[in-house]
Each structure stands twice: as structure tokens, then as C-alpha cells.
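Given the structure is predicted, the values throughout are model-derived calculations rather than measurements.
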Amino acid sequence: MKKNIIAMNASIMIGLGSILAAPSVYAESISDLEKQKESIQEKRSGVESNISDTEKKIDSLQDKQMTAEDQIAAIEAKIAESAKKIDAKNAEITQTKKEIEALKEEIKILKERIAKRNEVLKERALSFQETGGDVNYLEVLFGSSSFGDLVDRVGAVATIAEADRDILKQHELDKKDLEEKQKAVETKLASLEVAKAELLEIQKQQKQQKQEKDALVKKLKQQTEKHEHEKMGLEEEKANLAAQEKAIKSAISLEHQRLAELEAARKKAAAEAKKRAEQEAAQAAAQAASQASESKKQSTSSGYSAKSNSSSAPSTAQPSSNVSSAPAVSSGTFTRPSAGYVSSTMGERWNKQHAGIDIAASGTVPVVAAADGVVSRSYFSSSYGNVVFVTHSIGGQQWTTVYAHLSSRQVGEGTVVAKGQQVGIMGNTGHSYGQHLHFELHKGAWNYSKSNAVNPLNYIPN
């Protein structure tokens, strides 16, 4: 009899042990959630620091861009000034060439005059040769018939000699003037050509400088756009982390609520178990006093154990899905988020990393939560379109699921969703080509680089 009472009490304590152990399990869950919250806060701090660094880079690039643009404006002014000087030199060269053409006409006339004088001198020289040179003048003088004739002849000879000297003198002057004019014009033209060449070289260098500055500005603009895009991504990541932190806080609150409810249930079960134990002990004592049969005692003890075990059995009820025409909720950690076929897998696509899978189908197709969790974000994104982010805490591990390109969203931020619960309708919003669901699974928090993304096909039923 004593052994039976000990066995009965042991059975009761086993049932109580299951109930009493539960709060510690939930306490560990809350601890895990707290750690996840701290991890998200650290990541937010890191993202904010990255945003600050990126803003500094953008400011620096914009300063450099403004400096380069100012330099380009200065170079363009110099190029315009050089162009004016080149135009002026071209005008001078054109004028000088006109002067050269005019000089050519003068030279032509001078050459004709010189040629005529040469002819006169040649004839005079020929006459000298034929008459013996200076003797010709003596013959002219001695051939005079009278003194008056002699005077006339002396005047004539003097006039001829003076004329010859004038011809030779003018001849030399014309030749010297011709040479000087030719030299002056040629020097001027050469000087203008050199000056123009120098200006063209300067302008070439200025244009080269402008091209280099233009290339620099283009590069700075590309870098600025890259950092601005990165900043936008970081700000989106910051917003998602803030939403996930909020979701984790909501999950912690729910865990505390469940813990309180469990504690109340535990106390109630403990009181009932104690009362039942006292009743069963009294009954056992009465049965021993009446010396009941051993078989009846064993049967009674077995019944007590069955009752005790039955009272401590945990509930295995699963949340029912209220979604019609959705895939059946699977028994694994994650269920399939929608009906349809996988039209694109995870990996590189269009020279970019496709961080999830695409599930395509026609008609009105419900999209459901892949696991129990809290909606951390529900909004419209330029790339994702209508998108829902759900944060999950499974076995102490944080997960994030993303449901993108929805035609509509049925849940808001902070909503607690059950596995298989509808979150939206498949659509074609955002950067999308054709109706489909873009589904991402992240082991940890979602981030801009999507470094935590894992292949959903390794976790959901195919």
C-alpha cells in the first residue's frame, strides 16, 4: 500500500514537473528575444554610423564637384578668351596676306621699273662699249662747232651723267625698299603664324584640361549617385531594423503575457494537483483500512496515474488558416507562401544578385505567412512594390521573410500573424515584370546588402 501511494505521488509530481518547467522555457525564449533586440539595436547603431559616414562622403564629393565645376567655368572662360585672340590673329594674318598681295603688285611694278632702267643702262653701256666709254663724252665735246655749241654739249653730257647716276641711285633705293618690304612682311607673317600656333597650343591644353575636369565631374557625379543610392538603402535598412526592433518588443510583450497566463495556469494546476493528491491519499488510506483486494488497489493506482498524466499533456493544436485556395500549411518550420510555380530561383540574374525566389501564378492568388511572427514592415517600395516584412523567432534564432510585388496588403505593421495566415495578394507592383511573388528568407535581420539571405527552396516545400 505504501509503495502504491509513493508511486501515485511520483506520477503527480511528474505532471507538475512538466508544468513547473514551462516558465523557464519561456524565460529562455524571452532572453533570446532580448538578445535579438540588443543585436538589432547594435546593428541600427552601426547602420546610423554608416549613414553618417556616407553623408560625409557625399558632402566631400559634392564639394569636389563644385570645385571642379568652378575650375571648368574658369577654363571655359580662358578657352573663350583664347578663341578671341586666335580670331584676332586670324584677322591680322588675313590682313597681312592682303598686304602681301598688295606688295606683290608693288613688287611687280618695281620689277618692271628696274627692268626698264636696266634696259636704259644696258643701251648706255652698249654705247659706251661701242665708243670706248668716257671717250664718247670727249668726242661729243670736241665735236662742237662753236663755243655755244660746246656749252650746250657740256650741259647735255652733264645731264646725261646725272641722269645715269639718278637711275642707278633710284635703282638701288627701289631694290633696297623692295627687300625691306619683303622682309618686313615675311617677318610679320611668320610672327603671326607663331603667335597663332602658340595660341592654338594653349587652347589645345585648355580643352584637354576641360576634358579632364569634365571626366572628373562625371566620375564625382557617379560616385555621388552611388553613395546616395547606398544611403537610401541604408536608410531603408535602418527603417527595417527599427520595425524589426518594434516587432521583437511586441514579441517580448506577447511572451510575457503568455508567461503570465502560464504562471496562472501553473498555480491553478498545482492547487488542483495538491487537492487531488490529498483526496487520492485519503482514498488510498481508506482502501487500506478496509483491506481491499490488491488487484483493485493496482487498478486504482493505474487510474490515478492515467488521470495525472492526462492533465499535464501539452496542447498540440495548430493555428488554423483562414486562407482559401492557398497551399496547405506544412509541418516543417516554414510553409510555402503561395500557390504557383517557381519562375526564378535565387542567384545571379541580370548581372545582379537575386536574393530570393519568384513564384508565379495567374488570377487572384493569396500570399500567406511562411511561419508565425510579427509584421515588422508593411509599405510600398519603389523596387519591391507593395511589400510585407515578417520577423520570426524560432528556437532562439531570428528570421525575416519578405513578400514583395503584392497587388494589395492585408496586414499592417505590428500585426501578429500565424503560419499560413494571409498577408496579401500576389501582384505586379514595383520593379516587376508580370504577376508573381518575390519571396526572400533571411537568417537574421534584413539588410541592404542582403548578406543574411538564404535559399528559400532549402526550407519550404517544393
Participant: Taking K183's backbone N and O only, do any of them form a donor-acceptor pair with T187's side chain (distance below 3.5 Å, no angle check)?
Facilitator: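 Here the side-chain-to-backbone pair exists.
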
Participant: Are the side chains of D372 and V417 in touch, meaning some heavy atoms are under 4.5 Å apart?
Facilitator: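 Side chain of D372 against side chain of V417, heavy atoms only: no contact under 4.5 Å found.
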
Participant: Is there a side-chain contact between Q65 and T224 in this structure, where contact means two heavy atoms from C-beta onward sitting under 4.5 Å apart?
Facilitator: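 A side-chain contact exists here, since the closest heavy-atom pair is under 4.5 Å.
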
Participant: To the closest 0.5 Å, what do you measure between OG (S362) and NE2 (H436)?
Facilitator: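 Taking OG in S362 and NE2 in H436, the distance rounds to 14.5 Å.
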
Participant: Rounded to the nearest 0.5 Å, how far does CE of M346 lie from CD of E440?
Facilitator: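 Those atoms lie 8.0 Å apart.
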
Participant: Grab the two heavy atoms, one from T429 and one from G385, that are nearest each other, plus how far apart they are.
Facilitator: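 Of all heavy-atom pairs spanning T429 and G385, the closest is OG1-CA, 3.5 Å.
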
Participant: Is it true that the side chains of S408 and Q410 contain a donor and an acceptor less than 3.5 Å apart?
Facilitator: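 On atom types as modelled, these side chains qualify, holding a pair under 3.5 Å.
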
Participant: With side chain to side chain contact (heavy atoms under 4.5 Å, CB included) as the test, would you mind laying out the steps for I100 and K98 before giving the verdict?
Facilitator: CA-CA 5 Å; I100 289 173; K98 287 180 180 179; over 6 Å; no

Participant: Is the count of non-hydrogen atoms from other residues, nucleotides or ligands lying under 6.0 Å from K450 atom NZ greater than 12?
Facilitator: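 Count over threshold, so yes.
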
Participant: Say you draw a straight line from CD1 of I357 to CG of N455; how long is it, rounded to the nearest 0.5 Å?
Facilitator: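 Reported to 0.5 Å precision, the distance equals 7.5 Å.
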
Participant: Got a donor-acceptor contact below 3.5 angstrom from the H442 side chain to the T400 backbone?
Facilitator: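 Absent.
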
Participant: Search all heavy atoms of V342 against all heavy atoms of T345 and return the closest pair with its distance.
Facilitator: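 Where V342 meets T345 most closely, the heavy atoms are CG1-CG2, 4.1 Å.
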
Participant: Which atom names give the shortest non-hydrogen contact between R409 and V387, and what distance separates them?
Facilitator: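 So the two residues come closest at CD-O, 3.5 Å.
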
Participant: Going by heavy atoms in the side chains, are I394 and F334 under 4.5 Å from each other?
Facilitator: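 SC-SC contact between I394 and F334 confirmed.
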
Participant: To the nearest 0.5 Å, how far apart are CD in E55 and CG in L234?
Facilitator: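 The distance works out to 10.0 Å.
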
Participant: Take S60 and K56, measure what side chain to side chain contact (heavy atoms under 4.5 Å, CB included) needs, and give me the verdict at the end.
Facilitator: CA-CA 6 Å; S60 176; K56 289 178 182 176; over 6 Å; no

Participant: Any non-hydrogen side-chain atom of I72 less than 4.5 Å from a side-chain atom of V217?
Facilitator: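 Counting from C-beta outward, I72 and V217 do come under 4.5 Å.
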
Participant: Under 4.0 Å between a side-chain nitrogen and a carboxylate oxygen: does that hold for K57 and E230?
Facilitator: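 The answer is no: the pair does not qualify as a salt bridge.
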
Participant: Any side-chain heavy atom of V368 sitting closer than 4.5 Å to one from Q421?
Facilitator: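 The answer is no, as the side chains (C-beta and beyond) never meet within the 4.5 Å cut-off.
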
Participant: Of all heavy-atom pairs between A68 and L216, which one has the smallest distance, and what is that distance?
Facilitator: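 Heavy atoms of A68 and L216 come nearest at CB-CD2, 4.1 Å.
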
Participant: What is the distance from atom NZ of K213 to atom CG of L220, rounded to the nearest 0.5 Å?
Facilitator: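 One gets 9.5 Å once the value is rounded to the nearest 0.5 Å.
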
Participant: Please name the pair of heavy atoms, one in G430 and one in F380, separated by the smallest distance, quoted to 0.1 Å.
Facilitator: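 Reported closest heavy-atom pair: N-CZ, 4.3 Å.
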
Participant: Could you tell me whether the side chain of N452 reaches within less than 4.5 Å of the side chain of W446, counting heavy atoms only?
Facilitator: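 Counting from C-beta outward, W446 and N452 never come under 4.5 Å.
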
Participant: Would you say K419's side chain and S330's backbone share a donor-acceptor pair under 3.5 angstrom?
Facilitator: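 Checked: pair present.
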
Participant: Given side chains that start at C-beta, do those of Y341 and D358 come closer than 4.5 Å, heavy atoms only?
Facilitator: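 A side-chain contact is absent here, since even the closest heavy-atom pair is not under 4.5 Å.
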
Participant: Are Q206 and S82 close enough that a side-chain donor and a side-chain acceptor fall under 3.5 Å?
Facilitator: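 Distance-only check passes for Q206 and S82.
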
Participant: Please tell me whether T401 and Y403 have a donor and an acceptor in their side chains that are separated by less than 3.5 angstrom.
Facilitator: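 Judged by distance alone, the side chains do pair up.
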
Participant: Output all residues satisfying side-chain hydrogen bond (donor to acceptor under 3.5 Å, both in side chains) with Q203, sequence neighbours left out; order by chain, then residue number.
Facilitator: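 Q203: no side-chain hydrogen bond (donor to acceptor under 3.5 Å, both in side chains) contacts found.
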
Participant: Provide the full list of ring pair (Phe, Tyr, Trp, His ring centres under 6.0 Å) pairs with a residue in residues 351-374, sequence neighbours left out, each pair given once.
Facilitator: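 Applying ring pair (Phe, Tyr, Trp, His ring centres under 6.0 Å) to every pair that reaches into residues 351-374, excluding sequence neighbours, yields H354-H438.
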
Participant: Consider only side-chain N and O atoms of T94 and N90, and report whether a donor and an acceptor are under 3.5 Å apart.
Facilitator: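 No, because no side-chain N or O of T94 sits under 3.5 Å from a partner of the opposite role on N90.
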
Participant: Under the side chain to side chain contact (heavy atoms under 4.5 Å, CB included) rule, what do S393 and Q397 come out as? Steps first, then yes or no, please.
Facilitator: CA-CA 6 Å; S393 180; Q397 172 65 52; over 6 Å; no

Participant: Is it true that Y433 and H431 have ring centroids separated by less than 6.0 Å?
Facilitator: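 Yes - the distance between ring centres of Y433 and H431 falls below the 6.0 Å cut-off.
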
Participant: Supply the atom-to-atom distance L406 CG to L437 CG, rounded to the nearest 0.5 angstrom.
Facilitator: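 So the CG of L406 and the CG of L437 are separated by 6.5 Å.
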
Participant: Looking at every heavy atom in both A360 and Q435, which two are closest together, and how far apart are they?
Facilitator: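 That closest heavy-atom pairing would be CB-O, 3.9 Å.
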
Participant: In sequence, state the C-alpha distance, the side-chain angles, and the governing distance for D214 and K210, and then conclude on salt bridge (Lys or Arg N to Asp or Glu O under 4.0 Å).
Facilitator: CA-CA 6 Å; D214 286 338; K210 183 178 180 298; 2.9 Å; yes

Participant: With heavy-atom distances below 4.5 Å as the criterion, would you say the side chains of D63 and L61 are in contact?
Facilitator: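 D63 vs L61: side chains apart.
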
Participant: Before you tell me yes or no, could you show the steps for I359 and R336 under side chain to side chain contact (heavy atoms under 4.5 Å, CB included), namely the whole-Å CA-CA distance, both residues' side-chain angles and the distance that decides it to 0.1 Å?
Facilitator: CA-CA 10 Å; I359 301 175; R336 189 180 177 88; 3.9 Å; yes

Participant: Strictly distance-based, threshold 3.5 Å: is any side-chain N or O of E198 a donor or acceptor partner for the main-chain N or O of A195?
Facilitator: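 Not confirmed, E198 side chain does not pair with A195 backbone.
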
Participant: E99 and K188: salt bridge (Lys or Arg N to Asp or Glu O under 4.0 Å), yes or no, with the steps?
Facilitator: CA-CA 11 Å; E99 292 176 7; K188 182 179 179 181; 3.6 Å; yes

Participant: Report yes or no: does S378 contribute a side-chain atom to a donor-acceptor pair with the main-chain N or O of V411 at less than 3.5 Å?
Facilitator: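 Yes, because the side chain of S378 sits within donor-acceptor range (under 3.5 Å) of the backbone of V411.
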
